[in-house]
*Asks:* 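Here it is, the structure in full.
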Amino acid sequence: MKKFYVTTSIPYVNAKPHIGHALEFVQADALARYWREVASDTREVFFLTGSDENGSKNYKTAKEEGVTTEAFVARHRAAFQELLLLLNITNSDFISTTDRIRHWPTTQKIWRLLAEKGSIYKANYTGYYCVGCEAYILEKELVEGKCPIHRKAPEHLQEENYFFRLSNYTQDILQRIEQGELRIIPESRKKEIVNVLKEGLQDVSFSRPKDKLPWGVPVPDDPDHVMYVWCDALTNYLSGAGYTADKQRFLKFWPADVHVIGKDIVRFHAAIWPGMLLAAELQLPKTILVHGFVHTKGEKMSKSLGNVVDPKEMAEKYGTDALRYYLLREIPTTGDGDFTIGQFERRYEADLANDLGNLFSRVVAMTERYVDGTVPHAQGDPKLDTRKSWVAYHQHIQEFSFDKALEVVWAHISLCNRYVDEQKPWEKGNAEQRGVILFSLLESLRHHALMLRPFLPTTSAMMLERLGASNITSQDWGKLPQGTNVTKGAALFPRLSHQVHL
RNA sequence: CGCGGGGUAGAGCAGUCUGGCAGCUCGUCUGGCUCAUAACCAGAAGGUCGAGGGUUCAAAUCCCUCCCCCGCAACCA
């Protein structure tokens with residue numbers, strides 16, 4: 001059986017998860033579910049997510065809060081894991097960069113591989129160090145030569161760092177990206193990174209002295225140094241797949257088919273990461289899927305503006321599937337998107353409650369009223385045949401256009417609503433056609449449910465169950481079992497105005 | 001001249017490559033229907049396609065100039 005390995009980036013767990021994290025989780029989950037259960041050639045899926053927990057920021061914040069760093073990161077990690085559950089994310093595994101059993105051996109092995117190849121060397125790093133910040137600040141960040149936060153002139157310091165010879169791999173990376181061996185989606189992001197590569201890559205600092213970065217993975221054979229983020233974090237994609245802990249699994253799933261990431265970390269994934277893999281003589285991931293940022297009313301979300309949308313709150317109030325739907329339908333897969341409560345509620349009412357929910361409701365109600373609540377023995381009307389929808393649907397998902405795949409489903413839902421009005425199954429004169437009409441509509445709903453599996457898993461399962469088709473996964477037209485009972489159940493998406501606000 | 005994306009109806013977007021009556025979704029208004037979650041269906045109103053100039057029988061689309069917004073600009077995940 002073919003495999004599919006998809007990852008999210010690992011969020012730095014120094015704060016609560018925000019809606020952007022939710023977007024990334026849901027996109028990756030849609031892909032995982034699609035390849036696991038809907039694609040015409042389903043694959044064995046490995047879906048990895050995790051948490052980035054090292055770095056001085058966590059160490060410092062924990063200290064300020066008077067808790068151990070372990071406790072601090074554990075608490076934040078738990079918030080992310082809670083969100084994964086809440087969003088119904090089907091990750092196969094979860095890797096943390098503080099995992100000494102599964103993660104550290106991988107990072108150290110990769111470090112050693114790069115060192116053996118002569119791709120790691122020691123050199124002096126010079127920069128402006130602010131004692132107040134306990135960190136280097138870039139020259140351009142200085143205001144009148146002073147740290148903008150502490151209003152003190154930084155010290156010009158020099159420290160020993162290990163560096164990775166990324167510059168050596170520029171041409172190789174460029175070639176692989178230009179030829180599509182490493183795909184970057186969308187095209188505009190590819191262009192961006194190709195331009196960067198054409199200007200040439202510089203070597204990157206790969207370590208920090210232990211006193212500057214006390215919370216991290218030790219550099220092999222040098223107790224005075226700790227790995228800087230690149231070798232520590234990017235390698236999660238290897239360690240999580242079992243590079244050192246489960247070699248069978250690793251052999252099966254590497255290379256990654258899709259890394260789902262945000263546009264802020266394209267360079268790291270499209271330049272440093274492939275460079276490291278080339279140096280380690282490992283295969284490169286096949287695709288990097290880059291999503292945009294979630295704005296609200298066109299503005300960045302920020303605490304100071306007080307416009308932050310909490311994914312947990314949204315999922316709890318409106319339901320997991322409704323949130324998943326909005327993120328996958330309203331936010332263009334690879335572009336920036338807007339998240340506002342008003343727009344969210346409009347989408348919920350118009351698409352979920354009125355179009356899908358009401359179609360389900362009226363069709364099942366008519367089945368109960370006119371044909372005893374059982375699926376009629378009849379042929380599917382070719383007018384509603386979903387074959388063309390399926391073709392478009394598969395194509396859009398495989399091109400990562402989740403919004404367009406959902407549009408295809410909704411186009412068919414509209415077609416069904418129109419069909420009901422045209423066929424008028426309630427008129428006495430149409431009694432003989434009722435079998436065909438209702439069978440075709442019920443069968444359409446089964447197809448909608450199947451198509452929605454990657455996106456609205458709970459709703460999809462509920463629809464199939466009520467149609468008596470939980471195990472009928474055929475994408476052919478007319479395969480709904482006849483003579484079985486259908487049940488109406490509660491509204492799939494109750495109208496918001498009717499909701500009791502507690 | 002740093003690189004890139006964008007400015008089309010009240011909102012969000014497609015159309016620009018390959019010129020040909022300006023389109024989609026939501027919202028608004030009117031009508032129809034009564035199976036349904038006051039849902040559904042039909043129709044209508046609403047746009048100097050950022051500005052100016054050019055090419056053309058014809059420009060949102062091609063060319064030139066300008067204005068505005070937003071990313072990125074390498075160690076800020």
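Here is how names work: the chains are called A, B, and so on, in the same order as the sequence lines, proteins then strands, and each is numbered from 1.
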*Asks:* Using modelled atom types only, decide if a donor and an acceptor are shared between the side chain of Arg102(A) and the backbone of Ser239(A) within a distance under 3.5 Å.
*Replies:* no
*Asks:* Identify the nucleotide, in any strand shown, that forms a Watson-Crick or G-U wobble pair with rC66(B), with both distances under 3.5 Å; if there is none, say none.
*Replies:* rG50(B)
*Asks:* Check whether any side-chain N or O of Arg267(A) sits under 4.0 Å from OP1 or OP2 of rA77(B), and answer yes or no.
*Replies:*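 Arg267(A) to rA77(B) OP1/OP2: no side-chain N or O under 4.0 Å.
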*Asks:* Now, which nucleotide makes the Watson-Crick or G-U wobble pair with rC13(B), with each of the two distances under 3.5 Å?
*Replies:* rG23(B)
*Asks:* Any strand counts, and the cut-off is 3.5 Å on both contacts for Watson-Crick or G-U wobble. Which nucleotide pairs with rC3(B)?
*Replies:* rG71(B)
*Asks:* Using the C1' atom as the reference point in each nucleotide, state the distance between rG71(B) and rG32(B) in Å, no decimals.
*Replies:*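 Taking atom C1' in both rG71(B) and rG32(B), they lie 49 Å apart.
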*Asks:* Expressed as a whole number of angstroms, how long is the span from Lys424(A):NZ to rC40(B):P?
*Replies:* 16 Å
*Asks:* Distance check, P atoms only: rC3(B) and rA60(B), in whole angstrom units.
*Replies:*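 Here rC3(B) and rA60(B) have their P atoms 29 Å from each other.
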*Asks:* Please state the C1' separation for the pair rG54(B) and rA22(B) - nearest whole angstrom.
*Replies:*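 Approximately 23 Å lies between the C1' atom of rG54(B) and that of rA22(B).
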*Asks:* Per the atom types in the model, does the base of rA39(B) pair as donor or acceptor with the side chain of Asn354(A) at under 3.5 Å?
*Replies:* no
*Asks:* Is the phosphate of rA39(B) approached by Arg362(A) (side-chain N or O, under 4.0 Å from OP1 or OP2)?
*Replies:*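 No, no such contact exists.
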*Asks:* Think Lys488(A) has a side-chain N or O under 4.0 angstrom from the OP1 or OP2 of rU37(B)?
*Replies:*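 The answer is yes; a side-chain N or O of Lys488(A) sits under 4.0 Å from OP1 or OP2.
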*Asks:* Does a donor on one side chain and an acceptor on the other come within less than 3.5 Å for Thr49(A) and Asn91(A)?
*Replies:*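 There is no such pair between these side chains.
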*Asks:* rU37(B), rG71(B), rC75(B): which one has an atom nearest the side-chain heavy atoms of Glu192(A)?
*Replies:*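 Closest of the options to the side chain of Glu192(A): rG71(B).
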*Asks:* Check whether His269(A) reaches the backbone of Leu234(A) with its side chain - one donor and one acceptor, N or O, closer than 3.5 Å.
*Replies:*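 No: the side chain of His269(A) does not pair with the backbone of Leu234(A).
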*Asks:* Would you call Glu53(A) and Arg77(A) a salt bridge, taking side-chain N to carboxylate O under 4.0 Å as the test?
*Replies:*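 Looking at Arg77(A) together with Glu53(A), the answer is yes, because their closest N to O distance falls below 4.0 Å.
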*Asks:* With rounding to the closest Å, how many angstrom separate the C1' atoms on rC29(B) and rC17(B)?
*Replies:*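 It comes out at 39 Å once rounded to the nearest Å.
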*Asks:* When rounded to the nearest Å, what value does the distance between C1' atoms of rU56(B) and rU61(B) take?
*Replies:*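 The answer is 13 Å between these two C1' atoms.
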*Asks:* Nearest-Å distance, NE2 (His269(A)) to P (rA74(B))?
*Replies:* 19 Å
*Asks:* Please confirm whether the shortest side-chain N or O distance from Arg418(A) to OP1 or OP2 of rA42(B) is below 4.0 Å.
*Replies:*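 Answer yes for this pair, as a side-chain N or O of Arg418(A) is under 4.0 Å from OP1 or OP2.
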*Asks:* Examine rG12(B): is either OP1 or OP2 under 4.0 Å from a nitrogen or oxygen in the side chain of Tyr326(A)? Give yes or no.
*Replies:*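 So the side-chain polar atoms of Tyr326(A) never come under 4.0 Å of the phosphate oxygens OP1 or OP2 of rG12(B).
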*Asks:* With a 3.5 angstrom cut-off on both distances, give the Watson-Crick or G-U wobble partner of rC29(B), or none if there isn't one.
*Replies:*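 Partner of rC29(B): rG43(B).
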*Asks:* Considering only atom C1', compute the distance from rC75(B) to rG5(B) and round it to an integer number of Å.
*Replies:*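 After rounding to an integer number of Å, I get 25 Å for this pair.
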*Asks:* Check every atom of rG4(B), rA77(B), rA36(B) against the side chain of Ala365(A) and return the nucleotide holding the closest atom.
*Replies:*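 So the side chain of Ala365(A) is nearest to rA36(B).
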*Asks:* Suppose you measure atom P in rG2(B) against the same atom in rC66(B); what distance do you get, rounded to whole Å?
*Replies:*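 That atom pair is separated by 13 Å.
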*Asks:* Expressed as a whole number of Å, how far does the C1' atom of rA14(B) sit from that of rG23(B)?
*Replies:*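 Here rA14(B) and rG23(B) have their C1' atoms 7 Å from each other.
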*Asks:* Does the ring centre of Tyr393(A) sit less than 6.0 Å away from the ring centre of His447(A)?
*Replies:* no
